[in-house]
Trainee: 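I'd like to ask you about the structure that follows.
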Protein chains: 2
Amino acid sequence: MDDEPDEAVLEGADSLCRRLGVRLTPQRRRVLAILRASDRPLGAYEILEAMRDGARALAPPTVYRALDFLVEQGLAHKLESLHAFVGCTHPDHPHSSQFLICADCGLVTELENDAIARSLKSAASESGFEPRRPVVELIGTCAACSVKEGPR
Amino acid sequence: MDDEPDEAVLEGADSLCRRLGVRLTPQRRRVLAILRASDRPLGAYEILEAMRDGARALAPPTVYRALDFLVEQGLAHKLESLHAFVGCTHPDHPHSSQFLICADCGLVTELENDAIARSLKSAASESGFEPRRPVVELIGTCAACSVKEGPR
DNA sequence: CGCGATCCGGTAACAGTATAACGTAAACCG
DNA sequence: CGGTTTACGTTATACTGTTACCGGATCGCG
């Protein structure tokens, strides 16, 4: 059992932000830590709850601001179809990712598939469209759940 | 006053539903008409507003139920990143579509690109994932707006 | 026809997600 | 240091979507 690979990840985030010239404040770092510690996507209000400090509760904008920052820097992703957020599994380099979301067990897998990225990019440029933020989420059944439930 | 291509579209929807053995009730037909008459995605509450009949206002579930139906039959699509809905531009055959969403002017273009669909499907099956509902939305700048604003 | 099953839609209340607007403090930079 | 920008706390509120319950229409069938 590991002494937190988390801490290493967070230090990676620190150095990434230093490179980008942006500030990974304690608040933002904490939100990132919560996301990374979770094995599933978290809603903003779940994060809010996880951040509460005894009786003292934070307000939504605090968490939304931190999330905006993390998403902007590529340290986290928003899953539009779930209204939830995940920590990025490989934030070190810029990338466009895709998500496989199991409707049955909630498992989310982040892909970084070049063939998909390329086909998107080329379809967009055929229309003269300049993509900025791709949202690619496949909702379906993961391998484990397909087996469990049997082929339909 | 109307030779509206709309009426033709709605009749197409009628016959599609007959084929599918489902009922395109007046309520649902009306929501579809509103979507098709709009040149941009509409939120559920905008549709609600468009459906209001003088002083008499409908309640949200009415519209959400109609939208659920339309989306299920492929007559409309939900844009997850906008929390909004559009009428489908080619509902006649089952298809998985992709959307180009201009963050600047709001223009939304529906694509039906096989290369994208194939690359998604193959990436999914590599993971043993069985896709059911694809969500593919590219947020960026459309051709017209790219020109207007100039290359950055 | 009579009867149950099912589908559709009206209504009230509410749950969940996200933002606006405003103020204060801390960090950065000349 | 003084001015500017950035981050964060707080209140209130807007927007999006759902639960639960009910009555009426429609359909299948004996």
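A, B, ... follow the sequence lines: proteins, then strands. Residue 1 opens every chain. Given the structure is predicted, the values throughout are model-derived calculations rather than measurements.
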Trainee: Establish, from distance only, whether the side-chain atoms of B:Glu110 and B:Ser97 form a donor-acceptor pair under 3.5 Å.
Mentor: yes
Trainee: Write down the distance between CZ (A:Arg56) and P (D:dG9), rounded to a whole number of angstrom.
Mentor: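 It works out to 9 Å between those atoms.
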Trainee: Quick check on D:dT16: is either OP1 or OP2 less than 4.0 Å from any side-chain nitrogen or oxygen of B:Lys78?
Mentor: no
Trainee: Does B:Tyr45 make a side-chain donor-acceptor contact with the base of D:dA14, cut-off 3.5 Å?
Mentor: no
Trainee: Test for a donor-acceptor pair under 3.5 Å between the base of C:dG9 and the side chain of B:Arg28, counting only N and O atoms.
Mentor: no
Trainee: Take the protein atom CG of A:Leu79 and the nucleotide atom P of C:dT17, then report the distance between them rounded to whole Å.
Mentor: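 Computing the A:Leu79:CG to C:dT17:P distance gives 13 Å.
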Trainee: How long is the line joining CE of B:Met51 and P of C:dG9, in whole Å?
Mentor: 9 Å
Trainee: Does A:Thr89 reach the side chain of A:Glu112, with side-chain heavy atoms less than 4.5 Å apart?
Mentor: no
Trainee: C:dG9 phosphate, OP1 or OP2: any side-chain N/O from B:Thr62 under 4.0 angstrom?
Mentor: no
Trainee: How close or far is atom C1' of C:dC7 from atom CG of B:Leu24, stated in whole angstroms?
Mentor: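 Atom CG in B:Leu24 sits about 15 Å away from atom C1' in C:dC7.
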Trainee: Could you check whether any side-chain N or O of A:Glu137 sits under 3.5 Å from a backbone N or O of A:Glu80, counting only pairs where one atom can act as donor and the other as acceptor?
Mentor: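 Yes, A:Glu137 side chain to A:Glu80 backbone: donor-acceptor pair under 3.5 Å.
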Trainee: From C-beta outward on B:Thr25, which listed nucleotide comes closest to its side chain: C:dC8, D:dG17, D:dG9?
Mentor: C:dC8
Trainee: When the distance from NE2 of A:His83 to C1' of D:dC15 is rounded to whole Å, what number comes out?
Mentor: 12 Å
Trainee: Whole-Å distance between C:dT19 P and B:Leu82 CG?
Mentor: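 To the nearest whole Å, that distance equals 12 Å.
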Trainee: For A:Gln27 and A:Met51, work out which heavy atoms get closest and say how close.
Mentor: OE1-CE, 3.1 Å
Trainee: Can you tell me which nucleotide in C:dA18, D:dC8, C:dA12 comes closest to the side chain of A:Tyr64?
Mentor: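 Nearest listed nucleotide: C:dA18.
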Trainee: Is it the case that C:dG10 (base atoms only) and B:Arg65 (side chain only) share a donor and an acceptor within less than 3.5 Å, ignoring hydrogens and angles?
Mentor: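 By the distance-only test, yes, there is a pair.
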Trainee: Looking at the side chain of B:Gln27, which of C:dG10, C:dA18, D:dG9 is the nearest nucleotide?
Mentor: C:dG10
Trainee: From CD1 of B:Ile47 over to C1' of D:dT16, roughly how many Å is that when rounded to an integer?
Mentor: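 Whole-Å distance recorded here is 12 Å.
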Trainee: Side chain of A:Ala59 only, please: which of D:dT10, D:dG17, C:dG9 is the nearest?
Mentor: D:dT10
Trainee: Look at the side chain of B:Pro61 and decide which nucleotide, out of D:dG9, C:dG10, D:dT19, has an atom nearest to it.
Mentor: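 Of the candidates, D:dT19 comes closest.
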Trainee: Answer whether the closest heavy-atom distance between the side chains of B:Leu24 and B:Leu70 falls below 4.5 Å.
Mentor: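 Yes; the side chains approach each other to less than 4.5 Å.
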Trainee: Where the side chain of A:Arg23 is defined as all heavy atoms beyond and including C-beta, which of C:dC28, D:dT18, C:dA18 is the nearest nucleotide?
Mentor: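 The answer is C:dC28.
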Trainee: Once you round it to whole Å, what is the distance between C1' of C:dT17 and CG of A:Leu58?
Mentor: 17 Å
